[in-house]
Amino acid sequence: MRKWLVIARNEYRIRTSGIRKIRPYFPALAIMLLVVLVGFVAPLTAKAVFGLFHDEFEAFFVSIAAVAMMQLFLFMFFFFFITYPINFAMKDVGTEEYEIFLSAPVKPSDVLLGKFMGALPLYAIAIAAITGFFAAFLIPLGIGIIEIMIIIAVFVLTFLSAIWIGSLIAALLRSKLGRTSRGKDIGKALPLIIVLPIIALMYAIMGGGLTQALADPGTSGAVETVMNILPSSWGAGIIALFAHSAISPTGVPNLWFDVLIRFGALVLFFLATLWLGERVANRAYSLEATSFTAARAKPDGTFYRFVRSIGGGKSFGTLLVSIFKDYGRRFENISKIIYIVGLLVLISVFFGMDREDPADALVQGIFLFPFLAAFVVGEVTVRGKESLFLYRKAPGGEGALVKARLLQGCLVVLPIATVFAVISLVLVPQITLLELLAFTGLLILIVAAYVAFSLGLFLLMPVFTDKPAELMANVMIVMITSIVLFIVCTIIMEGFLGALLLLTLMIWVLGIIFLYLGKRNLSRIE
């Protein structure tokens, strides 16, 4: 038996350990549930929806843009499935697992391929269930069950290929970047950066005029030519062929020949990626444990001397510089700033070019800057309780820590908010200098209040881990609070300026209260 197959069987047992009692029957049960979902539940839902949008469905699938649009959507999800394993590239692997692999006569490719093949049945079931439900929406067009099964197989092959490519890239990144603490930090910062192209494509489809461009024969042909080289486009072509054949009175000439060619190309691509990935893994992927080298601190530069002077020098200035250094040396923190700034840029490009008044210019910042504020000051407790106890012995105690974190958050977030406000307001037609200064000042005050509110929230509900799932609970509270307060203020006050004034007052009151309660809770932590 091949070594990767032994690892695959073990990986499958690990992933299905929670259902040990029904494990022998699990594949049969999964297939039965898929048949019920795709054969009965999804078609009934599809007929109900199709009855409402019958003309729109037919008009889309006979249009010039249909193939290009499906190619773009499949490419977007193909890229997403590639990035999914990369999100966990720097996930710590237990020492015991490394020792088992290193003591066994296996190659890195055996481990990588075995783990993927062990999880492949579960991936395939999940993909088939989701895509089968949506594929059933094509049944009212006249597509048969055989065509639906082929479409599901297309999705499964396409996305499994993407997951394997992503797993290979993640393994190579873990092998190269995991050797140093700096490399690990870069690896943790990658997920937020690589997701921005997917968001950009999604925004281009939603509000960037891409749909209209694809409907134009002069541009859709060029897009199709570029997209046809991607494997996701081969599957999109099969879906478009089936739909067009069902709608067209004359059908599609050589339908099954074209389908066979495209489907065969997908199968060959999947097998080729497995074969090439296995050989690349043997050359570039390593099972050796990572080193424990750490970065060496450099002398303070001009920026840190400036930060120290803002803190008044002495002990508080030193504390402020230390917090800045701890925050700035982690690329994961920098990636969160890049992510929010990237979102602001993308929203401005695809949705906010027509700024008729200050409300159009600032509303996206009012919703996104609380997100950034929570990301920045949420670092206050993630290093654990032990780091907090150190500040109790420092000059100023916990009060100095809270002041330094508040000042550090403002120094990071407020300059970004200022630049955003000025650039956005300058593009508003006929805006006066006084209005520009007033709205910029209000946005700065609102963002500063959210920094205080977020810091108080994270002190009141501390998160002693850097796991994203734990942090996002508090971040979502900040986001929901910002949305609710803005809606309430716009209902109470007439005009955007009045709503901003009330929002500034309310969030500052809320921020001061939470900061006080968070400071008291910090002093009681044992």
Side-chain angles (χ1 to χ4, degrees), residues 336-337 340-341 343-345 347-348 351-352 354-378 402 405-428 431-461 472-519:
K336 293 175 182 177
I337 298 176
I340 298 298
V341 173
L343 284 181
L344 287 170
V345 173
I347 292 173
S348 299
F351 299 102
D354 297 329
R355 296 178 173 86
E356 300 296 333
D357 52 46
D360 296 332
L362 298 181
V363 66
Q364 63 262 33
I366 292 174
F367 289 138
L368 285 179
F369 280 118
F371 206 2
L372 179 60
F375 273 152
V376 173
V377 299
V402 175
R405 282 290 181 181
L406 181 62
L407 185 55
Q408 177 251 342
C410 291
L411 289 175
V412 172
V413 180
L414 295 188
I416 301 174
T418 304
V419 173
F420 165 79
V422 172
I423 294 176
S424 299
L425 290 170
V426 164
L427 298 177
V428 175
I431 189 170
T432 64
L433 179 61
L434 182 61
E435 290 176 328
L436 188 146
L437 294 176
F439 282 109
T440 301
L442 282 176
L443 182 64
I444 292 173
L445 288 175
I446 292 171
V447 174
Y450 277 118
V451 172
F453 170 66
S454 301
L455 179 59
L457 178 65
F458 273 92
L459 292 175
L460 188 61
M461 301 171 58
M472 286 306 295
N474 284 351
V475 173
M476 292 308 298
I477 292 176
V478 176
M479 287 294 299
I480 294 172
T481 301
S482 66
I483 295 172
V484 171
L485 286 179
F486 182 77
I487 294 174
V488 170
C489 291
T490 54
I491 293 174
I492 296 175
M493 301 297 292
E494 292 185 4
F496 185 65
L497 180 60
L500 286 188
L501 289 171
L502 181 59
L503 178 62
T504 304
L505 177 62
M506 293 179 65
I507 193 59
W508 265 113
V509 171
L510 197 62
I512 292 172
I513 292 174
F514 268 78
L515 202 57
Y516 172 74
L517 295 176
K519 170 63 172 57

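Note that the coordinates shown come from a computational prediction; the quantities given were computed from them, not determined experimentally.
Of the inter-residue distances, the one linking Arg405 atom CZ with Leu455 atom CG reads 8.5 Å to the nearest 0.5 angstrom. Annotation: the span from Leu372 atom CG to Ile416 atom CD1 amounts to 5.5 Å, rounded to 0.5 Å. Here the CE atom belonging to Met479 is positioned 9.5 Å from the OH atom belonging to Tyr450, to the nearest 0.5 angstrom. One finds the CZ atom of Phe439 at 10.0 Å from the CG atom of Leu434 (value rounded to the nearest 0.5 Å). With values rounded to the nearest 0.5 angstrom, Ser482 atom OG is found 11.0 Å from Ile446 atom CD1. If you take CG on Leu445 and OG1 on Thr504, they are separated by 6.0 Å, rounding to the nearest 0.5 Å.
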Chi angles and distances behind the side chain to side chain contact (heavy atoms under 4.5 Å, CB included) call for Phe458, Val475: CA-CA 9 Å; Phe458 273 92; Val475 173; 4.2 Å; yes
Step-by-step side chain to side chain contact (heavy atoms under 4.5 Å, CB included) determination, Thr481 to Leu457: CA-CA 11 Å; Thr481 301; Leu457 178 65; over 6 Å; no
Chi angles and distances behind the side chain to side chain contact (heavy atoms under 4.5 Å, CB included) call for Val428, Glu435: CA-CA 11 Å; Val428 175; Glu435 290 176 328; over 6 Å; no
Working for side chain to side chain contact (heavy atoms under 4.5 Å, CB included), residues Leu362 and Leu442: CA-CA 10 Å; Leu362 298 181; Leu442 282 176; over 6 Å; no
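Between Leu406 and Val377, every side-chain heavy-atom pair lies at or beyond the 4.5 Å cut-off. Counting only heavy atoms from C-beta outward, the side chains of Leu510 and Leu485 approach each other to under 4.5 Å. In this structure the side chain of Leu443 reaches within 4.5 angstrom of the side chain of Phe420, judged on heavy atoms. Looking at Leu500 and Ile366, their side chains come closer than 4.5 Å, going by heavy atoms from C-beta outward.
Heavy-atom minimum distance, Ala417 versus Phe369: CA-CZ, 3.4 Å. Across all non-hydrogen atoms, the minimal contact from Val451 to Ala373 is CG2-CB, 3.9 Å. Closest approach of Ile431 and Pro358 over heavy atoms only: CD1-CG, 4.5 Å. Closest approach of Gln364 to Ser348, counting heavy atoms only: NE2-OG, 3.5 Å. Between Val402 and Lys519, the closest heavy-atom pair is CG2-CD, 3.8 Å. When every heavy atom of Cys489 is checked against every heavy atom of Met506, the shortest pair comes out as SG-SD, 3.6 Å.
The side chain to side chain contact (heavy atoms under 4.5 Å, CB included) search around Leu517 returns Leu460, Ile513, not counting sequence neighbours.
In this pair, Phe486 and Phe367 present their aromatic rings perpendicular. The plane angle is above 60°, beyond the 30 to 60° band.
Within the 3.5 Å criterion, the main-chain N or O of Ile487 finds a donor-acceptor partner in the side chain of Thr490. Remark: the backbone N or O of Ala374 is not paired with any side-chain donor or acceptor of Asn474 at under 3.5 angstrom.
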